[in-house]
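The basis for the numbers below is simple: all heavy atoms, side chains too, and nothing from hydrogens, waters or symmetry mates. Counting starts at 1 for both ligands and their atoms, following the listed order.
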Amino acid sequence: MKTIFEKTNGNDGINITDKKLDTNFLPSELVRKGNIGLPQVSELDVMRHYKELSDLNFCIEKGFYPLGSCTMKYNPKVNELLASLEGFNIHPSVDDDLAQGSLELMHKLQEALLEVTGMDAITLQPSAGAHGEMTGMMIVKKYFDTIGEKRTKVIIPDSAHGTNPASAKMSGFEIVEIKSNEKGQVDIEALKSVLNSDVAAIMMTNPNTLGIFEEQVEEISKLMHENGSLLYYDGANFNAIMGYTNPKLMGFDVVHLNLHKTFATPHGGGGPGAGPVAVVEKLKDYLPSPVIEFDGEKYYRNYNIKHSIGSVKDFCGNFSVLVRAYAYILMMGKNLKKASENAVLNANYLKEKLKKYYDLPYDEPCMHEFVITGEKQKHENGVSTLNIAKALMDGNAHPPTVYFPLIVHEAIMIEPTESENKEVLDNFAELMIKIAKECSANPEKILSAPHSTPVRKIDEVTAARYPDLKYTD
Ligand SMILES: *Cc1c(COP(=O)(O)O)cnc(C)c1O
């Protein structure tokens, strides 16, 4: 009798005693003949190996993470505990009767998100912001198809996140890009010049990706609605306005939120996330199914939505992300407004500290983030924004978002979030100022950065063209 686990000569971390495991039923050509050659390591060795790997990783628990547009705020650890509660660990196919607690949580989260957005109906299904955008644009498409209007174009400002045109295009629209004005906002005249009966919608982010509030948003929504078009709100920057205003008041018809940004659920490394989509009354019947409803006695999944675009994700979306977001909202209560207030204050504080050392293309009060540029350093010292970003890693700070938005050359987009205190902001400002001074005094040091990370300066072109993904000693 053969056993799958053979006694080996190396260190052992497991002790498998089930000698009765019989593999005779396997075709002999499929049975491994020799030793598999796995590393022979003890449990302690394995633990140390993984801890060492995790130490190579930069994360919010390790240092400041001012990644603009991503809202890398503190994710309260109690949320993890709540998301792992035994009662939430149920199969998504169980009957509604057996899932009342989970359904209640989703319903209450829906209500809370409707309250902060001002909208009328919502789906929690999409699993990311970009996924929400596509869901929203499919709703817009189906709406016009249903009412019998042929509208083929979607207007997108040049400051938009790349996912906006991608989502509109994938939903079957043609993209019309419009330029921003000298204040970094949508240029009304440019908008008027492309507005006609082909236009289905405009996709906007407010505050936009320059961290600037679109002051003419009401006029824009009036123009769009008079044209019979809809307005889509990219809610990735929602952290700037929570409790102060909302997309409904600004005139938007469809909104996505990024729960993994604004509502303190972890992200990075590709997910999981959640991108709920909220709509005004007239688009309610187009939402993906199911929507969670309450009949006064019972919570239930409603699959019966008249013009539904169908399902965009299996079951009800990334449920554990929803638990974390709901816990965060309950914990914050009315202080959600305070989070926005402090996020805006922190960004303005840092902007004022840095603007003497780096060019500030739009010198205006900012919202929760701001964009400076490394153009001066590039022209005067031959040091690029990428070099500056690498040098920040030596100071235990995650680099900000760089080279985005595309309309600012050598862009450095900084979003401190509300979770950081003055000391952290001061240290980061000092680090940025030290780097700016070093760019002229000793550019070689910045050009060769990082000097302290496990992997030094990498050859990015070769890494992209000839990726070597094997592990070798
Ligand atoms: C992050 C972001 C998105 C996309 O959201 P994901 O959740 O990453 O898919 C869209 N627009 C803006 C402005 C963003 O910052």
Side-chain angles (χ1 to χ4, degrees), residues 60 65-73 75 113 117 123-138 154 156-171 175 177 180 184-186 201-214 217 231-242 247 250 252 254-278 312-313 317-318 321-322 324-325 343 347 366-371 398 400-408 411-417:
I60 189 84
Y65 210 132
L67 195 61
S69 212
C70 288
T71 310
M72 299 297 287
K73 63 168 74 175
N75 303 147
L113 298 177
T117 56
T123 171
L124 302 175
Q125 222 179 32
S127 57
H131 196 191
E133 289 168 29
M134 195 171 149
T135 304
M137 293 322 286
M138 286 166 70
V154 169
I156 302 181
D158 59 1
S159 60
H161 196 261
T163 49
N164 289 189
S167 303
K169 179 92 190 166
M170 286 178 76
S171 309
I175 314 302
E177 189 182 88
S180 303
Q185 301 180 26
V186 168
I202 185 169
M203 293 181 90
M204 282 176 71
T205 312
N206 197 19
N208 62 30
T209 64
L210 295 161
I212 295 171
F213 193 84
E214 298 277 357
V217 65
L231 289 92
Y232 184 94
Y233 183 87
D234 176 334
N237 289 346
F238 202 68
N239 209 43
I241 62 156
M242 270 187 300
M250 296 181 213
F252 287 91
V254 192
V255 177
H256 87 251
L257 295 172
N258 304 59
L259 298 190
H260 45 287
K261 296 181 181 176
T262 315
F263 296 95
T265 75
H267 72 297
V277 171
V312 295
K313 172 107 179 71
N318 282 328
V321 176
L322 306 181
R324 291 175 176 98
C366 65
M367 295 296 285
H368 66 310
E369 64 189 358
F370 61 98
V371 178
H398 193 283
T401 298
V402 292
Y403 299 103
F404 178 76
L406 303 176
I407 54 174
V408 175
I412 304 175
M413 182 197 224
I414 299 173
E415 180 183 3
T417 81

(request) Determine the minimum heavy-atom distance between T71 and A236, stating which atoms define it. (result) OG1-O, 4.0 Å

(request) Apply the side-chain contact (heavy atoms from CB on, under 4.5 Å) test between S167 and each candidate in M134, H161, H131; give the one that qualifies. (result) M134

(request) Search all heavy atoms of L67 against all heavy atoms of P400 and return the closest pair with its distance. (result) CD1-C, 3.7 Å

(message) Considering both backbone and side-chain atoms of A236, is one of its nitrogen or oxygen atoms within less than 3.5 Å of a nitrogen or oxygen in ligand 1?
(response) no

(request) Could you pull out the closest heavy-atom pair between S69 and F404, with the gap in Å? (result) OG-CE2, 4.5 Å

(message) Taking only non-hydrogen atoms of H267, do any sit less than 4.0 angstrom from ligand 1?
(response) no

(request) For the residue pair H398 and Y65, categorise the inter-ring angle as parallel (less than 30°), tilted (30 to 60°) or perpendicular (more than 60°). (result) parallel

(message) Looking only at distances, can you tell me whether any N or O atom of G129, backbone or side chain, sits closer than 3.5 Å to an N or O atom of ligand 1?
(response) yes

(message) Please confirm whether H131 approaches ligand 1 to less than 4.0 Å, judged on its heavy atoms.
(response) no

(message) Would N258 count as a polar contact of ligand 1, with the cut-off being nitrogen or oxygen pairs under 3.5 Å?
(response) yes

(message) Could you identify the single nearest non-hydrogen protein atom to atom 11 (N) of ligand 1 and state the distance to 0.1 Å?
(response) D234 OD2, 2.6 Å

(request) Pull out every atom of ligand 1 sitting under 4.0 Å from any heavy atom of E133, numbered as shown with elements. (result) 10 (C), 11 (N)

(message) Can you report which non-hydrogen protein atom sits closest to atom 9 (O) of ligand 1, along with the distance?
(response) A130 N, 2.8 Å

(message) Looking at every heavy atom in both T205 and E214, which two are closest together, and how far apart are they?
(response) O-CG, 4.2 Å

(message) Regarding atom 2 (C) of ligand 1: of the candidates H161, E369, H260, K261, which has the closest heavy atom?
(response) K261

(request) Evaluate side-chain hydrogen bond (donor to acceptor under 3.5 Å, both in side chains) for Q185 paired with N208, printing each intermediate quantity in order. (result) CA-CA 8 Å; Q185 301 180 26; N208 62 30; over 6 Å; no

(message) Is it the case that ligand 1 has an N or O less than 3.5 angstrom from some N or O of S69?
(response) yes

